[in-house]
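Data first, discussion second: the structure below is written as structure tokens.
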Amino acid sequence: MYHSAPDSIDPQALLDELFPLCRSLSGYGYDQSLDILARYIPFTIEEYASGSKVFDWTVPPRWELDHAVLKDSHGRVILDATENSLHVLNYSQSFKGRISRAELESHLYSDPTRPQLIPYVMSYYNDRWGFCLSHEQRQSLTDDCYEVDIAARKVAGTIKVGVCDLQGKSERIVQLSSYLCHPSMLNNELSGPLALVYLYHLLRAQPERYYTYRFVINPETIGSLCYISAHLTELQERLEYGLVLSCLCSYYKNGRGKESINPLDLRALNNLEAQARLYPQQEASPPPTQGMPIENATISATPQPDALNQQYFKLQQQLQQQLQESINPNFLPVTLSFQRTRQSVVDELHFVFDQQKQQKLKTLEVSAPSASQSIGSSLRSRMTARSNADAGANSPDTLLAQKLTHQNEPRLLKQWQQALCNDELCYTHGIYSKKRLLSDEERMALYLLRRHDYGTQHGISSAMLDQVLPLSQAYTFAYSRPIDQFLSQLAHSQGDSVSLHRFALMGSDERQYNSPRVNLPVVQVTRVKFDTYPEYHSSGDNQELFALDSILDAALKLWRFLQLYEQQQHKFICQVLGEPQLGKRGLYPDLHSDFGNKEQYERNERALQQVLTVLSLSDGSFTFDELQQSAGCTPFELSSLIEKLQHHGLIK
């Protein structure tokens, strides 16, 4: 059935519509949110009945909240979930009555470490009722009694999962998923779904998609388990890789804040898609053979596939440019962090332990004490060769932090960080010092170090593996999963824009996809990662802290990532005979006008050399990696260049 796409995407209007809703695993707020997103992505809704078994879990009942209000002894409203949906304990039971302040105490949830923020607290699988409030407000409750009115129900219902496929030439699936179950939070809730909306339409405009792109939206954990239970065999057979999108926001830059964002105009794409549907089976007419009279040549008034593809290429470029121009550069350019699959850690550990076994066998053959070291002691000596301060110092995050702060050694970076900590450093409100204004580069470096520490703390055997195989050297390792190999190589060549982390024990839905007996190639993508900022799971996770523009920027970067992975699978062929005329396509820089500007002249000359190299080697015999090395450019540079040449019909 055809889905009528909207004329535009207004990110601020969409956020304003979604943000206040009281989402949970199920219920009115979740249903409303799913319906809103379905206006932009034509989801098929899968439902899983409450009470049914899903692997080791049981699908919980549906939660329906009518209202949740707390009044003081004079009837004044103290807390109201309609004003902030975080005020009610998520999945709270009903309760109505007048109770003492002492009785109320055990039903109040606040966080003394974040006294001004309302914490997000849920009780999905235990029956209780309650309210959430700031600790400051909790301490102000001094009346002898209070009026509680929570009207909620747990009833038989379903867990709903939205699934949508954008069909490609291949049956291989690239899955993009996020969760939709947290109330009134931006980074840890809505950044993933908003990015999915933009990615859907950018991919929708992509002609000749190779992979089939699947979009999945679900309540976290139980929703992904339900989906996996129904699709496991299919995913094991067809999944190329998956991305779980979470926490894609970034902090505002110094002196910047919320700014208006132009909507993304989809009307031209909708019109072109409608035109394509009118002639779904059109085949390009063969060109007239030499000597054939023109009157005998087939002339078609309908758009031919090649011509239609060129229109899609042009439109995709326009959408990309339109989106790029709408993004305000008001946020810290924190790199996207890709957490590789659990299998990548398994690969590394098996390698280390296999080396240990081999060395032990060799040791048994040598009786001399001087030769009795095992690989284990050899590895330990490699570990102790680096000081504790330098442990993990070669991760992409720490290397970029060194570059941002001009501290060229791990030891100097540690000293710099410690000096700032002595200046009463605070990680709240986007990181600041009480003694002086930190630069944006300093703030970003401090966050990258914090994110690195989180990865080391929660990753499987990260501390040990960081010493043996630093993440910056991961590109030298042979991983069994193509996506892990691809990410490791990408982080090596694009360290200023892509960061890499090992699989962590704490996280989002990637835990379910990577559980040992499921073991699917699914990675997690974040920016300002969950549990690395003090406002996580609280009312402080909002647009005052995080830039909406940073979500759009993340979507654009992820779209480039998807394009790059696709291009890795192809070999390219030049589509014209003879040398193409670049000037008429705007691809030949005017080298003669820049003699007075040496830097611009050199940039133009390098760009021309790359164009000519790619065209010359586009004979169908070179891989993307081989073209990249030959042209002397980064993967993202080559990806953009290939798109530009495809846009002009020069290569295919």
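Please read these numbers as outputs of a predicted model, since none were measured by experiment.
Shortest non-hydrogen contact noted between P11 and I261 is CG-CG2, 3.8 Å. In terms of heavy atoms, V197 sits closest to H201 at O-CD2, 3.2 Å. Shortest non-hydrogen contact noted between A555 and L202 is O-CD1, 4.5 Å.
In this structure, Q339 and V523 have side chains that are not in contact, with every pair of non-hydrogen atoms separated by 4.5 Å or more. Side-chain contact between F313 and E643 is absent, with no heavy-atom pair separated by less than 4.5 Å. Two residues are said to be in side-chain contact when any heavy atoms from C-beta on lie closer than 4.5 Å; L617 and S630 meet this criterion. Annotation: side chain of V525 is not in contact with side chain of V244 (no heavy-atom distance under 4.5 Å). Taking 4.5 Å as the limit, every side-chain heavy atom of L520 sits out of range of all side-chain heavy atoms of N514. Two residues are said to be in side-chain contact when any heavy atoms from C-beta on lie closer than 4.5 Å; F43 and K160 fail this criterion. Contact check for L545 versus L186: no side-chain heavy atoms found under the 4.5 Å cut-off. Side-chain atoms of S250 and F546, non-hydrogen and from C-beta on, never get closer than 4.5 Å to each other.
Formation of a donor-acceptor pair under 3.5 Å by the S224 side chain with backbone atoms of Q512 is not found in this model. For the pair D265 (side chain) and S8 (backbone), a donor-acceptor distance under 3.5 Å is absent. Between the side chain of S618 and the main chain of I573, no donor-acceptor pair closer than 3.5 Å is present. In this structure a side-chain-to-backbone donor-acceptor pair under 3.5 Å is missing from D165 to Q167. Side-chain N or O atoms of N330 include none that pairs as donor or acceptor with a backbone N or O of R256 at under 3.5 Å. Remark: side-chain polar atoms of N270 are paired, donor with acceptor, to backbone N or O of P6 under 3.5 angstrom. Side-chain atoms of N218 do not come within 3.5 Å of backbone N or O of Y179 as any donor-acceptor pair. Put simply, the side chain of T212 gets close to the backbone of S170: a donor and an acceptor are under 3.5 Å apart. Checking side-chain atoms of S337 against main-chain N and O of S499 turns up no donor-acceptor pair under 3.5 Å. Remark: side-chain polar atoms of E189 are paired, donor with acceptor, to backbone N or O of C181 under 3.5 angstrom.
For the 3.5 Å distance criterion, the side chains of E208 and N309 qualify, holding a donor opposite an acceptor. S508 and S246 are not linked by any side-chain donor-acceptor pair at a separation below 3.5 angstrom, with hydrogens and angles left out of the test. Q489 and H492 share no donor-acceptor pair across their side chains, judged by distance under 3.5 Å alone. Using modelled atom types and a 3.5 Å distance limit, the side chains of D625 and T623 yield no donor-acceptor pair.
For the ring-ring contact (aromatic ring centres under 6.0 Å, His included) test, no residue two or more places apart in sequence or in another chain qualifies with Y30. Listed by chain and residue number, nothing satisfies the side-chain hydrogen bond (donor to acceptor under 3.5 Å, both in side chains) test with Q485 (two or more places apart in sequence, or in another chain). Applying the side-chain hydrogen bond (donor to acceptor under 3.5 Å, both in side chains) criterion to Q543, with sequence neighbours excluded, gives Q12. When the salt bridge (Lys or Arg N to Asp or Glu O under 4.0 Å) test is applied to D35, no partner is found at least two apart in sequence or on another chain.
For H570 and F624, the ring centers sit 6.0 Å or farther from each other. The distance between the ring centers of Y565 and Y241 falls below 6.0 angstrom. A distance below 6.0 Å separates the ring centres of F486 and F561. Centroid-to-centroid, the aromatic rings of F331 and Y251 stay 6.0 Å apart or farther.
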Side chain to side chain contact (heavy atoms under 4.5 Å, CB included), that's the test. Do I217 and V161 meet it? Break it down for me. CA-CA 6 Å; I217 193 80; V161 177; over 6 Å; no
Evaluate the salt bridge (charged side-chain N to carboxylate O under 4.0 Å, His left out) criterion for residues R214 and E240: first the C-alpha distance (whole Å), next the side-chain angles of each, then the deciding distance (0.1 Å), finally the verdict. CA-CA 11 Å; R214 174 169 294 177; E240 179 70 19; over 6 Å; no
Could you walk me through whether F338 and H501 pass side chain to side chain contact (heavy atoms under 4.5 Å, CB included), step by step? CA-CA 6 Å; F338 289 84; H501 289 88; over 6 Å; no
Does the side-chain hydrogen bond (donor to acceptor under 3.5 Å, both in side chains) test come out yes or no for S639 and Q563, once each step is laid out? CA-CA 7 Å; S639 177; Q563 296 291 99; over 6 Å; no
With side chain to side chain contact (heavy atoms under 4.5 Å, CB included) as the criterion, how do N188 and H182 come out once you've worked through the C-alpha distance, each side chain's angles and the decisive distance to 0.1 Å? CA-CA 8 Å; N188 187 53; H182 298 63; 3.4 Å; yes
Under the side chain to side chain contact (heavy atoms under 4.5 Å, CB included) criterion, do Q206 and L562 qualify, and how do the steps go? CA-CA 11 Å; Q206 180 176 326; L562 297 171; over 6 Å; no
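The pair E237-R172 does not count as a salt bridge, with every side-chain nitrogen at least 4.0 angstrom from each carboxylate oxygen. Taking a cutoff of 4.0 Å between a charged side-chain nitrogen and a carboxylate oxygen, D7 and R267 do not qualify as a salt bridge. Taking a cutoff of 4.0 Å between a charged side-chain nitrogen and a carboxylate oxygen, R23 and E220 do not qualify as a salt bridge. Between E273 and R204 there is a salt bridge, with a side-chain nitrogen of the basic residue lying less than 4.0 Å from a carboxylate oxygen of the acidic one. Between D31 and R62 a salt bridge is recorded (basic side-chain N to carboxylate O distance below 4.0 Å).
Residue pairs meeting the salt bridge (charged side-chain N to carboxylate O under 4.0 Å, His left out) criterion with at least one partner in residues 321-341, sequence neighbours excluded, are R340-E348. A salt bridge (charged side-chain N to carboxylate O under 4.0 Å, His left out) check over residues 564-589, counting only residues at least two apart or in different chains, returns nothing.
For E259, the CD atom counts as densely surrounded, since its 6.0 Å shell holds more than 12 non-hydrogen atoms of other residues, nucleotides or ligands.
Going from atom CG of L323 over to atom CD1 of I327 covers 4.5 Å, rounded to the nearest 0.5 Å. The CD1 atom of I483 lies 9.0 Å from the OG1 atom of T341; values are rounded to the nearest 0.5 Å. Rounding to the nearest 0.5 Å gives a distance of 11.0 Å between CD of Q311 and CG of N271. Separating the CG atom in L243 from the OG atom in S177 is a distance of 8.0 Å, to the nearest 0.5 Å. The distance from atom CG of L332 to atom CZ of R527, rounded to the nearest 0.5 Å, is 9.5 Å. For the atom pair R481 CZ and L487 CG, the distance stands at 12.5 Å (nearest 0.5 Å).
By the 30° and 60° cut-offs, the orientation of the rings of Y213 relative to Y211 is perpendicular.
Just one residue in the list T634, L564, L500 forms a side-chain contact (heavy atoms from CB on, under 4.5 Å) with L490, and that residue is L564.
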